[in-house]
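Okay, structure first, notes after.
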2 protein chains.
Amino acid sequence: MERRRAARLKDVAELAGVSHQTVSRVVNRADGIRPETRERVEQAIARLDYHPNPAARNLVRGRSGTLGIITTDTGQFGPASIQRALEMAAREAGYLASSLVLSSVRRVEFDSAVEQLARLAVEGIVVIAVHDDALDVVRSRAGGPPVVLVEGDLSGSRRTVGVDQVAGARAATRHLLDLGHTEIAHVTGPLEWAEAKARRDGWRLELEHAGVTNGEVFAGDWSAASGYRAGRLITVRGRATAVFAANDQMAVGVLQALHQEGVRVPEDVSVVGFDDIPEAAFLIPPLSTVRQDFRAVGQRAIESLTAAIRGGPEPRPRLIDPELVVRASSGPVSRGVRP
Amino acid sequence: MERRRAARLKDVAELAGVSHQTVSRVVNRADGIRPETRERVEQAIARLDYHPNPAARNLVRGRSGTLGIITTDTGQFGPASIQRALEMAAREAGYLASSLVLSSVRRVEFDSAVEQLARLAVEGIVVIAVHDDALDVVRSRAGGPPVVLVEGDLSGSRRTVGVDQVAGARAATRHLLDLGHTEIAHVTGPLEWAEAKARRDGWRLELEHAGVTNGEVFAGDWSAASGYRAGRLITVRGRATAVFAANDQMAVGVLQALHQEGVRVPEDVSVVGFDDIPEAAFLIPPLSTVRQDFRAVGQRAIESLTAAIRGGPEPRPRLIDPELVVRASSGPVSRGVRP
DNA sequence: AGGGCGAATGTTAACGCTCACATAACGGTC
DNA sequence: GACCGTTATGTGAGCGTTAACATTCGCCCT
């Protein structure tokens, strides 16, 4: 079968017996078209299987219809999920999203990424900013397309969107306090990450709020291995009756360490994580955790970016509330003695 | 500061004192330009910070410069990794990749995705085809842009690219046979998935090749929970001295079940997974598994697609060899009796 | 009946680039 | 010095669309 050229506005116009501009109006849903004419044009469009040429459209409108997403290839659950959510939200907003996955957060690579996006004439950029360094780079960049930061340090003056990490950590800690725990340890993420810092701060704040001051801190790095090490230390020192891990992967490690030492969860020690990874519900025992609505983060970020592109003000509140998910790994503090 | 319009070809031409066509030639690396002229033009480009307008370029060239990626939001490690790899490879090939993440593989949604990509005038589509159903939908589609299938059923006549799942499964099984195991159980993925089927077939083939016929099969669904259930059954029946799980998540479940029952890994039972998820090296014990080179898959898929767009033949072999990664979870069959 | 007005549609000119072709410049040959 | 071929550069058209303005038509009002 011969491959015909795609139909153009002009072809549709000829078939429908109108001018190309009328067709354009129908395609772009302008009003001031007689229903009868519109009907005729729409039939012609259907018959020719006409699709507007996006390149021509973008050219004449002086825009590219493209957004850039810069993220790092950390393999972490959060950033990857947000990337996905951003891609979906961008498409819903009528933009094409082009994701740039960096293998490091070094300034050079970051700059070249921004350069590459400039070459694509992106109208805006979303940076999934896990690292403080990345923030600095963005801040230092003058001119160019508007930039929205996601999930980094949300306290800055720039446009930023993200889950309220502090609130999530406080909710998790409050949940453990409500169960009667007073010795609540915390396993942190790497503290260069804004999220890790915020979760630690939330935990600390809530403890102070409750008048509890002596929570132990264990330094982790997001990995299950680091959670495992923290878990072993916790069993050795043997004071905490509850552990709040800064992410689910580390909580997995904690669970394994506790299990290995014969410490029962939640009878002897309660564990709460953060993220609600897909496996969380299938762990032994199912993990209590804090769920983040990445979909909402993606949508708001794109909203904020499109607003910036149009030169408008910040649209909706930029902090999104996380949700505590209680499962079997957290329970009332036991009266018995820890083994 | 006033925001100037972006520089055009004409602006550069005027500044360099040449025609716009000469500038175009310099930009597009055409030869037949005097070095001196080229130098002058390049300086002008740098001074004006000129970037070609991709919309105008695509319009006149009659192409969109865009590829579509269709994937499903399964949250599985493999598909997500491949999506990333595809995005990177597409960009390296000079294309903009637009990813469509489907929440189901139902025909309707799939069709609307293809429709949406047609609207973007994508030049080609990569489908990360996990489900047999998805394959059918693609096969039924006539006309439109070329399509490359990734990681589905690789035996079809269409352009397909992927890791040789059968070879990977055979390597894993061979590894266990080499360690002296003869009772090797297999935990499958959901058998609607082409990968799950291929891994089971590879396991079976290698057993037959070695003259071992009595491997037990346990049906799983990729989740850690299903692996856990299989692990419990294995300890109850108590025959297998080795388990090959069709993915790492299920292997995690197996490990937990064995551990819980006091079965030592690898002393009593060896475990091998598939995927090499980031946690694999941090599990207890570190998990032997099969690593897939997703980067290579992405690159070959894009190569194949660009070849198809140009109407050329299939470029490189489309099957990629996986790599066995031996860690502590697999060891020689023990002479002692299982507890 | 003529003027004016609004609704519906048509006409023309960009948008920034590449392609195909036209021209200029230059050196060698007879 | 007229002719040719080669190399380097310039010119004009057109890609498919939208924006701005122009036109046509029918209708109501005085």
Side-chain angles (χ1 to χ4, degrees), chain A residues 3-45 48-66 94 96 118-123, chain B residues 3-45 48-66 94 96 118-123:
Chain A
R3 193 182 171 86
R4 269 198 308 277
R5 252 171 66 261
R8 300 158 305 169
L9 217 46
K10 204 181 143 210
D11 303 322
V12 177
E14 278 165 11
L15 181 60
V18 295
S19 79
H20 63 112
Q21 178 61 6
T22 301
V23 180
S24 174
R25 280 193 266 258
V26 170
V27 169
N28 293 292
R29 314 225 139 73
D31 42 52
I33 300 277
R34 223 170 2 157
E36 182 191 314
T37 314
R38 156 163 304 170
E39 175 63 23
R40 206 146 32 96
V41 170
E42 270 166 357
Q43 279 180 12
I45 288 175
L48 295 178
D49 190 31
Y50 167 78
H51 293 287
N53 179 323
R57 187 175 260 182
N58 290 335
L59 173 60
V60 72
R61 290 196 199 164
R63 25 177 317 230
S64 66
T66 306
L96 196 59
R119 213 183 301 283
L120 289 175
V122 293
E123 294 176 42
Chain B
R3 191 180 172 86
R4 269 199 308 276
R5 253 170 68 261
R8 299 159 305 166
L9 216 47
K10 205 182 143 208
D11 302 323
V12 178
E14 277 164 12
L15 181 61
V18 295
S19 79
H20 62 111
Q21 177 60 11
T22 301
V23 180
S24 173
R25 279 193 266 258
V26 170
V27 169
N28 293 292
R29 315 226 137 75
D31 41 52
I33 300 275
R34 224 171 357 159
E36 182 191 315
T37 315
R38 156 163 305 166
E39 175 64 21
R40 205 145 34 94
V41 171
E42 269 164 358
Q43 278 180 14
I45 288 176
L48 294 178
D49 189 30
Y50 168 77
H51 294 286
N53 179 323
R57 187 176 260 185
N58 290 334
L59 174 60
V60 73
R61 290 212 258 231
R63 23 176 322 230
S64 66
T66 306
L96 195 61
R119 214 182 302 282
L120 288 174
V122 294
E123 294 176 42

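Values below: every heavy atom of this structure, side chains too, minus hydrogens, waters and symmetry copies. The sequence lines fix the lettering, A, B, ..., with proteins before strands; numbering per chain opens at 1. Model, not experiment: these values are computed from the prediction.
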* Asked: Residues from residues 48-64 of chain B sitting under 4.0 Å of DNA chain D, heavy atoms only?
  -> B:L59, B:V60
* To do: Let me know the distance between CD1 of A:I33 and P of C:dA7, rounded to the nearest Å.
  => 13 Å
* Is any side-chain heavy atom of A:R57 closer than 4.5 Å to a side-chain heavy atom of A:N28? -> yes
* Output yes when at least one side-chain N/O atom of B:S24 is less than 4.0 Å from OP1 or OP2 of C:dC17, else no. => no
* **Side chain proximity check, A:E36 to A:E39, heavy atoms < 4.5 angstrom** => no
* Nearest-angstrom distance from the residue atom NE2 of B:H20 to C1' of D:dT11 -> 7 Å
* Considering heavy-atom distances to DNA chain D, does A:A7 or B:P35 have its closest nucleotide positioned more toward the 5' end? -> B:P35
* Separation of B:R34 atom CZ from D:dG10 atom P, in whole Å? -> 10 Å
* To do: Kindly give the heavy-atom pair with the smallest separation between B:D11 and B:R8, and that separation in Å.
  => OD2-N, 2.8 Å
* Asked: Who passes side chain to side chain donor-acceptor pair (under 3.5 Å) against B:Q21, sequence neighbours left out?
  -> none
* Nearest-angstrom distance from the residue atom CZ of B:R25 to C1' of D:dG10 -> 8 Å
* **Length of the CG-P vector between B:L9 and D:dG12, whole Å** => 16 Å
* Asked: Nearest-Å distance, NZ (B:K10) to P (C:dC15)?
  -> 8 Å
* Structure fact -> Side-chain contact check for A:T37: nearest option of C:dT12, C:dG16, C:dT9 is C:dT9
* **Euclidean distance, atom CZ of residue A:R8 to atom C1' of D:dT17 [Å, nearest integer]** => 12 Å
* Decide yes or no for A:R25 and A:V18: does some side-chain heavy atom of the first lie under 4.5 Å from some side-chain heavy atom of the second? => no
* Structure fact -> Closest non-hydrogen contact found for B:P52 with B:V27 is CG-CG1, 3.9 Å
* Structure fact -> Between CG of B:L120 and C1' of D:dG16 the distance, given in whole Å, is 16 Å
Please tabulate the protein-to-nucleotide N/O contacts below 3.5 Å involving nucleotides 24-26 of chain D, giving atom names and distances.
none

* Asked: Are any of the side-chain heavy atoms of B:S24 and B:L9 separated by less than 4.5 Å?
  -> yes
* To do: Give a yes/no on whether any side-chain N or O of A:T22 is located under 4.0 angstrom from OP1 or OP2 of C:dA8.
  => no
* Structure fact -> Of the candidates C:dG16, D:dG12, D:dT18, the side chain of A:Q21 sits closest to D:dT18
* What's the spacing between A:N58 CG and A:T66 OG1 if we round to 0.5 Å? -> 6.5 Å
* Which pair of heavy atoms, one from A:G17 and one from A:R40, lies closest together, and at what distance? -> O-NH1, 4.3 Å
